[in-house]
Amino acid sequence: MYAARPSSATWPRRTRACCCLPPQVAALGAALDALRLTGRAEVTVARAAPLGGEQILRVAGRRVVLPSDGRPAVPPLDLGSPILAVAAGRDDVLRLVEDATREASDRVAAHRDLLDPVFLPEIERRLALVNERLVTIRCG
């Protein structure tokens, strides 16, 4: 929900202190002011786009288009590693987690005197929890 502002004067304006208002923020402010809303208004996303791309909203049942701000798009999410992990197979992933947990446990044991005693019980508890979950997964 959007709580309408009582006057357009409350929206940020370009001043010496605020000269870099993102274009989409300015466009949203202008669009909401033009709608002359009062009270609360339902806002939904009619068509979402990556950050900086054209966004289409529905505000109080009316279409509001926020034009692209012209900046380069956010790079796409790289799914390479998760896909490789899935492709490697469940057993390989479990083996990798088991190896990492074993190495962490060995390091905690070897360097126990260097670790902050305040955090040591929590570290050990979490390692034990990971080991318990691995056993549960392995055993079905």
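Only a predicted model underlies this, so the values are computations on that prediction, with no experimental measurement involved. Heads up: numbering here begins at 1 and tracks the sequence.
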(request) Please report the C-alpha distance between Arg62 and Leu37 in whole Å, then the side-chain angles of each, then the deciding distance to 0.1 Å, and finally whether the side-chain contact (heavy atoms from CB on, under 4.5 Å) criterion is met. (result) CA-CA 11 Å; Arg62 291 176 263 179; Leu37 300 168; 3.6 Å; yes

Is it the case that one hydrophobic cluster holds both [X] and [Y], taking links as side-chain heavy atoms less than 4.5 Å apart, direct or via other members?
{"X": "Ile56", "Y": "Leu28", "result": "no"}
{"X": "Leu134", "Y": "Leu129", "result": "no"}
{"X": "Val65", "Y": "Val59", "result": "no"}
{"X": "Phe119", "Y": "Leu127", "result": "yes"}
{"X": "Val45", "Y": "Val64", "result": "yes"}

Just wondering, do [Y] and [X] contact through their side chains at under 4.5 Å, heavy atoms?
{"X": "Arg102", "Y": "Asp99", "answer": "yes"}
{"X": "Arg47", "Y": "Gln55", "answer": "no"}
{"X": "Leu66", "Y": "Glu54", "answer": "no"}

Which distance, rounded to the nearest 0.5 Å, do you find between the [atom1] of [X] and the [atom2] of [Y]?
{"X": "Leu120", "Y": "Glu124", "atom1": "CG", "atom2": "CD", "value": "4.0 Å"}
{"X": "Arg133", "Y": "Asn131", "atom1": "CZ", "atom2": "CG", "value": "11.5 Å"}
{"X": "Ile123", "Y": "Arg125", "atom1": "CD1", "atom2": "CZ", "value": "11.5 Å"}

(message) Counting neighbours of CZ on Arg36 that are heavy atoms of other residues, nucleotides or ligands and sit closer than 6.0 Å, is the number greater than 12?
(response) no

